Engineer: 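Okay, handing you the structure first.
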Amino acid sequence: MKLLVTGGAGFIASNYIRYALSSHPDYQVINLDKLTYAGNLENLKDIESSDRYTFIKGDICDGKLLEGIEFDAVLNFAAESHVDRSILDARPFLQTNIFGTYNLLEAALQRKCTFLQVSTDEVYGSVEKDFFNEISPLQPNSPYAASKASSDLLVRSYIETHNLKAMITRCSNNYGPYQFPEKLIPLVILNAINKKPIPVYGDGMNVRDWIYVIDHCKAIDAVLHKGTPGEVYNIGARNEKPNIDIIKLIINKTAEILNLDNVGLMDLITFVDDRKGHDRRYAIDPAKIERQLDWTPETNFEEGISRTIKWYISNEQWWQRILSGNYMQYYNEQYGERLKN
Ligand code: NAD
Ligand code: TDX
């Protein structure tokens with residue numbers, strides 16, 4: 001089996017590639033990645049010399065390039081993935097997330113091969129109570145979520161129109177090693193380690209449903225091997241938390257691990273202007289994948305968070321390189337004024 005993994009130099013797909021190579025010794029993996037600001041080949045340093053792994057630097061929007069790649073199944077992780085950036089500039093989100101997905105659908109159709117679209121719970125919008133299941137209406141609220149919902153609808157159209165063997169997964173918020181520091185959990189860890197203000201949007205009571213990245217990777221693998229073509233699978237760990245609780249948990253654990261005063265670190269918490277269109281609550285009902293594909297998450301949240309904090313503490317070179325690059329320009333644009341008020 002030759003898997004084409006797009007966006008393999010990003011957070012979730014780099015974890016997936018490592019997992020796939022170790023759990024399927026007869027598989028080959030081709031990683032197609034454009035290496036945007038979020039793509040980082042250091043995420044794959046430990047496996048780059050494997051003879052079952054190939055890296056191609058390229059854009060999923062480049063149809064010609066796709067024509068020349070042979071594969072049996074494609075897992076489409078490549079995306080512009082950060083909500084705040086989609087508020088600043090939606091264009092790259094429409095280009096990669098919609099047009100790029102269209103290109104990959106065409107490539108999969110030509111080869112009559114399996115297509116797995118890695119999507120997100122954000123396509124469902126926000127829920128006050130209850131949970132998102134696979135037939136909840138799509139009500140995306142950010143340009144990022146709208147671009148992912150659009151790509152999901154395109155996938156659906158290729159299933160209905162062309163009988164493409166495609167499946168869609170919609171997962172909740174991921175955390176774990178190699179996550180780019182623009183996202184909440186690594187941002188809080190790094191700002192706690194570096195004693196910088198920790199920005200909390202709004203009242204800090206927005207709820208996200210968190211899953212450890214390896215549990216997500218195992219769920220994707222289960223869908224690839226046991227899923228029914230044409231189906232959507234929600235993935236989540238039944239782990240809803242208000243942002244402020246997570247921030248306090250990270251501060252307490254970081255203080256404990258580094259033997260620091262947690263009161264001083266708590267003082268870093270800084271409430272800032274809210275994100276525009278900020279979804280109040282995400283909550284995934286994963287009953288379908290649990291029942292039909294016999295998948296369950298294995299990592300308890302406190303254990304996963306401790307493991308993640310320790311990973312960032314032990315991999316300072318990895319994040320120092322990011323902090324010394326273009327990232328700080330984005331960081332200052334996003335937080336500079338907000339942290340002053
Ligand atoms: P990420 O931003 O860390 O990585 C995205 C990767 O895609 C990068 O390596 C980037 O270089 C690559 N890429 C971007 N545009 C490309 C293009 N045009 N062609 C080829 N490569 C391109 O993202 P992530 O957080 O790992 O998310 C991966 C996927 O999972 C995304 O589709 C996202 O929507 C979905 N998802 C993420 C989460 C989460 O919590 N992070 C939750 C559910 C679903
Ligand atoms: O500095 C911050 N302060 C803050 O309060 C940041 C970066 C975030 N937040 C809040 C906003 C959200 O309520 O924390 C929550 C999580 O924010 P993000 O890490 O940006 O994630 P979210 O917007 O929930 O989207 C994520 O989950 C679904 C991923 O980025 C998406 O790619 C995925 O589809």
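Everything numeric in this text was worked out from a predicted model, so none of it was measured. Just so you know, these numbers use all the heavy atoms, side chains as well, and skip hydrogens, waters and symmetry mates. As the structure lists them, so they are numbered: ligands from 1, and atoms in each ligand from 1.
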Engineer: Of all the heavy atoms in His278, does at least one lie under 4.0 Å from an atom in ligand 2?
Structural biologist: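 Yes, His278 has a heavy atom closer than 4.0 Å to ligand 2.
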Engineer: Considering only non-hydrogen protein atoms, determine which one is nearest to atom 1 (O) of ligand 2 and report residue, atom name and distance to 0.1 Å.
Structural biologist: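 Going atom by atom, the protein heavy atom closest to atom 1 (O) of ligand 2 ends up being Tyr335 OH, 2.8 Å.
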Engineer: If you measure every N or O of Leu32 against every N or O of ligand 1, does any of those distances drop under 3.5 Å?
Structural biologist: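 No, there is no polar N/O contact under 3.5 Å.
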Engineer: Test Ile198 against every option in Val188, Asp267, Ile189 by the side chain to side chain contact (heavy atoms under 4.5 Å, CB included) rule and name the one that passes.
Structural biologist: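 Going through the options one by one, the only one that passes is Val188.
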Engineer: Is a donor on one side and an acceptor on the other found under 3.5 Å between the side chain of Asn332 and the backbone of Met328?
Structural biologist: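 Here the side-chain-to-backbone pair exists.
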Engineer: May I ask you to check whether Asn76 has an N/O atom sitting below 3.5 Å from an N/O atom of ligand 1?
Structural biologist: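 No - when backbone and side-chain N and O of Asn76 are compared with those of ligand 1, no distance drops under 3.5 Å.
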Engineer: Could you find the nearest protein heavy atom to atom 32 (O) of ligand 1 and give me its residue, atom name and distance?
Structural biologist: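 Looking only at protein heavy atoms, the one closest to atom 32 (O) of ligand 1 is Lys148 NZ, 2.7 Å.
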Engineer: Need the ligand 1 atom indices (1-based, order shown) with element for anything under 4.0 Å from a heavy-atom of Phe77.
Structural biologist: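 So the atoms of ligand 1 that pass are 28 (C), 29 (C), 31 (C), 32 (O).
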Engineer: At what distance is the nearest protein heavy atom to atom 32 (O) of ligand 2, and which residue and atom is it?
Structural biologist: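 Atom 32 (O) of ligand 2 sits closest to the protein heavy atom Ser81 O, 2.8 Å.
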Engineer: Before signing off on this row, confirm whether Cys61 and ligand 1 have an N or O atom pair separated by under 3.5 Å.
Structural biologist: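 No, since none of the N or O atoms of Cys61 sits under 3.5 Å from an N or O of ligand 1.
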Engineer: What heavy-atom pair brings Ile250 and Ile309 nearest, and what distance separates the two atoms?
Structural biologist: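 Shortest heavy-atom contact: O-CD1, 3.9 Å.
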Engineer: Can you find a heavy atom in the side chain of Tyr331 that is under 4.5 Å from one in the side chain of Lys196?
Structural biologist: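 Contact flag for Tyr331/Lys196 side chains = yes.
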Engineer: So, regarding Asp59 and ligand 1 (criterion: nitrogen or oxygen to nitrogen or oxygen, under 3.5 Å), is there a contact or not?
Structural biologist: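 Yes, at least one N or O pair falls under 3.5 Å.
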Engineer: Take Trp318 and Glu42, measure what side chain to side chain contact (heavy atoms under 4.5 Å, CB included) needs, and give me the verdict at the end.
Structural biologist: CA-CA 8 Å; Trp318 181 90; Glu42 286 188 36; 4.3 Å; yes
Engineer: Identify, for atom 8 (C) of ligand 2, the protein heavy atom at the shortest distance, and state residue, atom and that distance.
Structural biologist: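 Residue, atom and distance for the closest contact: Tyr201 CE1, 3.6 Å.
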Engineer: Nearest non-hydrogen contact with atom 44 (C) of ligand 1 belongs to which option: Gly236, Ser119, Gly176?
Structural biologist: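 Among Gly236, Ser119, Gly176, the closest heavy atom to atom 44 (C) of ligand 1 comes from Ser119.
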Engineer: For atom 5 (C) of ligand 1, state which one of Cys171, Ala145, Ala79 supplies the nearest heavy atom.
Structural biologist: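 It is Ala79 that holds the nearest heavy atom.
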Engineer: Using a strict cut-off of 4.0 Å, indicate which atoms of ligand 1 neighbour a heavy atom of Thr36.
Structural biologist: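 Those of ligand 1 that fall under 4.0 Å from Thr36 are 10 (C), 11 (O), 14 (C), 15 (N).
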Engineer: Pull out every atom of ligand 1 sitting under 4.0 Å from any heavy atom of Gly7, numbered as shown with elements.
Structural biologist: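 Counting atoms of ligand 1 from 1, those under 4.0 Å from Gly7 are 6 (C), 7 (O), 9 (O), 12 (C).
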Engineer: Taking the minimum heavy-atom distance to atom 23 (O) of ligand 2, which of Arg275, Lys183, Gln334 ranks first?
Structural biologist: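 Answer by nearest heavy atom: Arg275.
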Engineer: Against ligand 1, does Phe180 come closer than 4.0 Å with any heavy atom?
Structural biologist: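 In this structure, Phe180 fails to qualify as a contact of ligand 1 - no heavy atom is under 4.0 Å.
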Engineer: Tell me: protein heavy atom nearest atom 21 (O) of ligand 2, and distance?
Structural biologist: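 Sorting protein heavy atoms by distance from atom 21 (O) of ligand 2 puts Asn173 ND2, 3.5 Å first.
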Engineer: If I apply the N/O under 3.5 Å rule, does Asn174 come out as touching ligand 1?
Structural biologist: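 Asn174 vs ligand 1: N/O contact under 3.5 Å present.
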Engineer: Going by side-chain hydrogen bond (donor to acceptor under 3.5 Å, both in side chains), Thr101 matches just one of Asn76, Asp152, Thr96. Which one?
Structural biologist: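 Result for side-chain hydrogen bond (donor to acceptor under 3.5 Å, both in side chains) with Thr101: Asn76.
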Engineer: Would you say that more than 12 heavy atoms from the other residues, nucleotides or ligands in this model lie under 6.0 Å from the CZ of Arg238, or not?
Structural biologist: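 Result for CZ/Arg238: enclosed.
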Engineer: Please list the nearest protein heavy atom to atom 24 (O) of ligand 2 with its residue and the distance rounded to 0.1 Å.
Structural biologist: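 Answer for atom 24 (O) of ligand 2: Arg208 NE, 2.7 Å.
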Engineer: In the protein, what heavy atom is nearest to atom 16 (C) of ligand 2, and what distance, to one decimal place, separates them?
Structural biologist: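 For this ligand atom, the closest protein heavy atom is Leu184 CB, 3.8 Å.
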Engineer: Based purely on interatomic distance, does Tyr37 place a nitrogen or oxygen under 3.5 Å from a nitrogen or oxygen of ligand 1?
Structural biologist: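 No - when backbone and side-chain N and O of Tyr37 are compared with those of ligand 1, no distance drops under 3.5 Å.
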Engineer: Quick check on ring pair (Phe, Tyr, Trp, His ring centres under 6.0 Å): which of Tyr312, Tyr37, Phe11 does Phe180 satisfy it with?
Structural biologist: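 It is Tyr37; the other options fail the test.
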Engineer: Any idea which atoms of ligand 1 are less than 4.0 Å away from a heavy-atom of Asn173?
Structural biologist: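 In order of numbering, the contacting atoms are 40 (O).
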Engineer: Check whether more than 12 heavy atoms from other residues, nucleotides or ligands sit under 6.0 Å from atom CG of Asp294, and answer yes or no.
Structural biologist: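 Counting other residues, nucleotides and ligands, CG of Asp294 stays at 12 neighbours or fewer.
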Engineer: Within a radius of less than 6.0 Å around CG of Asp26, do more than 12 heavy atoms belonging to other residues, nucleotides or ligands occur?
Structural biologist: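 Counting other residues, nucleotides and ligands, CG of Asp26 exceeds 12 neighbours.
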Engineer: Can you find a non-hydrogen atom of Gly100 under 4.0 Å from ligand 1?
Structural biologist: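 It does not, in that no heavy atom of Gly100 comes within the 4.0 Å cut-off of ligand 1.
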Engineer: Report yes if some N/O of Gly8 lies less than 3.5 Å from some N/O of ligand 1; otherwise report no.
Structural biologist: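 Such a contact does not occur with ligand 1.
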Engineer: Identify the closest protein heavy atom to atom 34 (O) of ligand 2: which residue and atom is it, and at what distance?
Structural biologist: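 Atom 34 (O) of ligand 2 sits closest to the protein heavy atom Tyr144 OH, 2.5 Å.
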Engineer: Considering heavy atoms of the protein only, find what lies nearest to atom 28 (C) of ligand 2 and give residue, atom and distance to 0.1 Å.
Structural biologist: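 For this ligand atom, the closest protein heavy atom is Glu122 OE2, 2.9 Å.
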Engineer: Assess whether ring-ring contact (aromatic ring centres under 6.0 Å, His included) is satisfied between His82 and Tyr327, documenting all intermediate values.
Structural biologist: CA-CA 13 Å; His82 192 37; Tyr327 172 66; 9.1 Å; no
Engineer: Report yes or no: does Thr6 contribute a side-chain atom to a donor-acceptor pair with the main-chain N or O of Phe77 at less than 3.5 Å?
Structural biologist: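 Such a contact is found between Thr6 side chain and Phe77 backbone.
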Engineer: Heavy-atom distance to atom 1 (P) of ligand 1: which of Gly58, Ser172, Ser81, Pro92 wins?
Structural biologist: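 Closest candidate by heavy-atom distance is Ser81.
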Engineer: Taking the ring of His162 and the ring of Phe115, is the distance between their centroids below 6.0 Å?
Structural biologist: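 Centroid distance Phe115-His162: not below 6.0 Å, so no.
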Engineer: Just distances here: any N/O of Phe11 and N/O of ligand 1 closer than 3.5 Å?
Structural biologist: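 Between Phe11 and ligand 1, an N or O pair is found under 3.5 Å apart.
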Engineer: Looking at Tyr144, which atoms of ligand 1 are within less than 4.0 Å of one of its heavy atoms?
Structural biologist: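 What qualifies from ligand 1 is 33 (C), 34 (O).
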Engineer: Does Asn326, at its CG atom, have more than 12 non-hydrogen atoms belonging to other residues, nucleotides or ligands within less than 6.0 Å?
Structural biologist: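 Not more than 12 within 6.0 Å, no.
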Engineer: Using non-hydrogen atoms of the residue, decide whether Lys148 is closer than 4.0 angstrom to ligand 2.
Structural biologist: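 No, that is not the case, since the closest heavy atom of the residue is not under 4.0 Å from the ligand.
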Engineer: Find all atoms of ligand 1 within a distance of less than 4.0 Å from any non-hydrogen atom belonging to Val118, and give their numbers and elements.
Structural biologist: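 Those atoms are 30 (O), 32 (O).
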Engineer: Is there any N or O on Glu80 that sits under 3.5 Å from an N or O of ligand 1?
Structural biologist: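 Among all N and O atoms of Glu80, none is under 3.5 Å from an N or O of ligand 1.
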Engineer: With heavy atoms of Leu35 as the reference, note each atom of ligand 1 found under 4.0 Å away.
Structural biologist: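 Near Leu35, the atoms of ligand 1 are 11 (O).
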Engineer: Less than 4.0 Å between a side-chain N and a carboxylate O, is that true for Lys148 and Asp121?
Structural biologist: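 Looking at Lys148 together with Asp121, the answer is no, because their closest N to O distance does not fall below 4.0 Å.
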Engineer: Check whether any N or O atom of Ile12, backbone or side chain, sits under 3.5 Å from an N or O atom of ligand 1, and answer yes or no.
Structural biologist: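 It does: an N or O of Ile12 is found under 3.5 Å from an N or O of ligand 1.
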Engineer: I'd like to know whether NZ of Lys248 has more than 12 heavy-atom contacts from other residues, nucleotides or ligands below 6.0 angstrom.
Structural biologist: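 Atom NZ in Lys248 is not crowded, with 12 or fewer foreign heavy atoms closer than 6.0 Å.
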